[in-house]
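To start, the structure itself, in structure tokens.
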Amino acid sequence: MPARLTRPDGPVPTPGIVHLGLGAFFRAFGAVWVQEAMETAGGDWGIVGVSLQSPTTRDLLKPQGCVYTALELGPQGSTPRLVTSVVDVLAAPEDPEAVLARMADPATKIVSLTVTEKGYCHDPATGRLNLDHPDIQHDLTYPLPRSAPGYLVRALQRRQAAGLPPFTVLTCDNLPRNGAVVRGVVVDLARRIDPALANWIAVEGRFPATMVDRIVPATKPEDLATVADLTGTADRAPVLHEPFRQWVIEDDFVPGTRPPLDRVGVQMVTDVTAFEHMKLRMLNGTHSSLAYLGNLAGYETIADTVADSAFAAFARHLWRNEIIPALTPPPGESLTAYAAVLLKRYENPAIRHRTWQIAMDGSQKLPQRILGTWSENNAAGRVSPGLTLAIAAWMVWVGGTDLNGRQIEVKDPLAPRLRALSDLGQTNADKVAAFLGVTEIFDPALAADLRDPVTAAYATLKSRGARAAVQEVAR
Ligand code: CS2
């Protein structure tokens, strides 16, 4: 029996960061980078993680002193590293007061977030706060919040009342203009609670935009034994990740709150937009396309999907013919080289990243990953048959039945509504038209242009299957 993992002796970092949404991605990404920054340049940047939903992560991490293994999975072998930068974990639903107190503590300089696209309680098509969201309704009425925007507003309210400066809000989710979106929802919610607070946040608050990138599949039960074999200790909450990582941050922090991340390879820039478009469209856009089409073709992981030469050719087609033509390369990046690296990352057989995992929450992901490129191509007179097929594949997938008549477990905040739309439609054209009427996802003008090509792609998928359909596009 391997020994239980415990925190090694020695000083524990003093907290300076509160992180909302302590999932596998942040633990394999931001927490590792913050640890390296403290090792290189010092400073009090210990992380207090907050689970906004279930206490599971807290229950796994606390008994082992909040440390855990980050296992890097290279094509040639694995390298474990002990992550010690997380110093405490709070479960928000059990004790919202403790979370607010920690966020309002004078030592807290940063509140970072990985709460997934849906955690911002915004409307994906417009980026604005969704006032009908049940958690936002709750947070407008009660001082102990439920939503991420609610925690940010109530904690900033306490800081303002105490005469403290705000913390910097560092969003690390794959949203377009993520800094502006989180700023927008926070200021909007604050305005409805206290206009003077909203003005203070708008003037003093800082919400730098970021681009984050590392592939981190969900930890599976069998991974615990792999980690125990490699490290000789029993870790109940390891994370697994690829070697690649890139973090680009807009250099716009509340004075005195910027961690020394630039010392360890994080790119601090004045404008993240070109990096964000490159990453969301080239990586996440093809990830989602391969996830729906690969899943419908019966592939369990992205690596399995691109091991099929038809799908690898489809990915290359998307980059070369549909995505790169609509992009401006960020300073220092070659988009063709970036695409070649992406295919290698997808091929890494050690990363078992499930197509099902990437397919979930598509209603929140489609606009920034696929629809923006489609609409820019359309405006420039370029066709996007591969992206059109991906949109049709999403529609089949959220319809809840795969091309062989098997049930799909659809996870999406709009799942019941999408399922009902699909079931009500009699013909392919009806179903496609019904999906395109969901204005949270599809802008009406764009929907009108999508209608005919998506209906044709949907029919092809249904009659010929996913593999033949991608082959037809990438011929
Ligand atoms: C993936 C991302 O699950 C998904 O939707 O596309 O989590 C992806 O792995 C990361 O953005 C990579 O940086």
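Indexing begins at 1, ligand by ligand and atom by atom, following the structure's order. For reference, positions follow the sequence shown, starting with 1.
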Can you tell which part of R369 has a heavy atom less than 4.0 Å from ligand 1: side chain, backbone, both or neither? side chain
What protein heavy atom is closest to atom 7 (O) of ligand 1, reported as residue, atom name and distance in Å?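 For atom 7 (O) of ligand 1, the nearest protein heavy atom comes out as N174 ND2, 4.4 Å.
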Please report which non-hydrogen protein atom sits nearest to atom 11 (O) of ligand 1, along with the residue it belongs to and the distance in Å to one decimal place. K279 NZ, 2.7 Å
Consider every N or O of N284 and every N or O of ligand 1, then say whether any pair is closer than 3.5 Å. yes
Any nitrogen or oxygen of D213, main chain or side chain, under 3.5 Å from a nitrogen or oxygen of ligand 1?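 It does: an N or O of D213 is found under 3.5 Å from an N or O of ligand 1.
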Do any N or O atoms from the side chain of [X] and from the backbone of [Y] form a donor-acceptor pair under 3.5 angstrom?
X: K279; Y: V212; result: yes
X: T168; Y: V254; result: yes
X: E276; Y: R177; result: yes

Mark up the atoms of ligand 1 that fall under 4.0 Å of a heavy atom belonging to [X], in ascending order.
X: H353; value: 9 (O)
X: H287; value: 1 (C), 6 (O), 8 (C), 9 (O)
X: I358; value: 3 (O), 4 (C), 5 (O), 6 (O)

Centroid-centroid distance, Y346 to H287, less than 6.0 Å: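 That pair passes the under 6.0 Å test.
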W247 vs W33 aromatic rings, parallel, tilted or perpendicular, using cut-offs 30° and 60°?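 Tilted: the ring planes of W247 and W33 meet at 30° to 60°.
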Indicate the ring-plane relationship of F314 and F311, choosing parallel, tilted or perpendicular according to the 30° and 60° boundaries.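 Taking F311 first and then F314, their aromatic rings stand perpendicular (interplane angle over 60°).
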side-chain contact (heavy atoms from CB on, under 4.5 Å) between Y68 and T219, worked out: CA-CA 12 Å; Y68 58 90; T219 303; over 6 Å; no
Candidate with minimal heavy-atom separation from atom 5 (O) of ligand 1, of R354, E117, Q364, K365: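 The residue whose heavy atom sits nearest atom 5 (O) of ligand 1 is K365.
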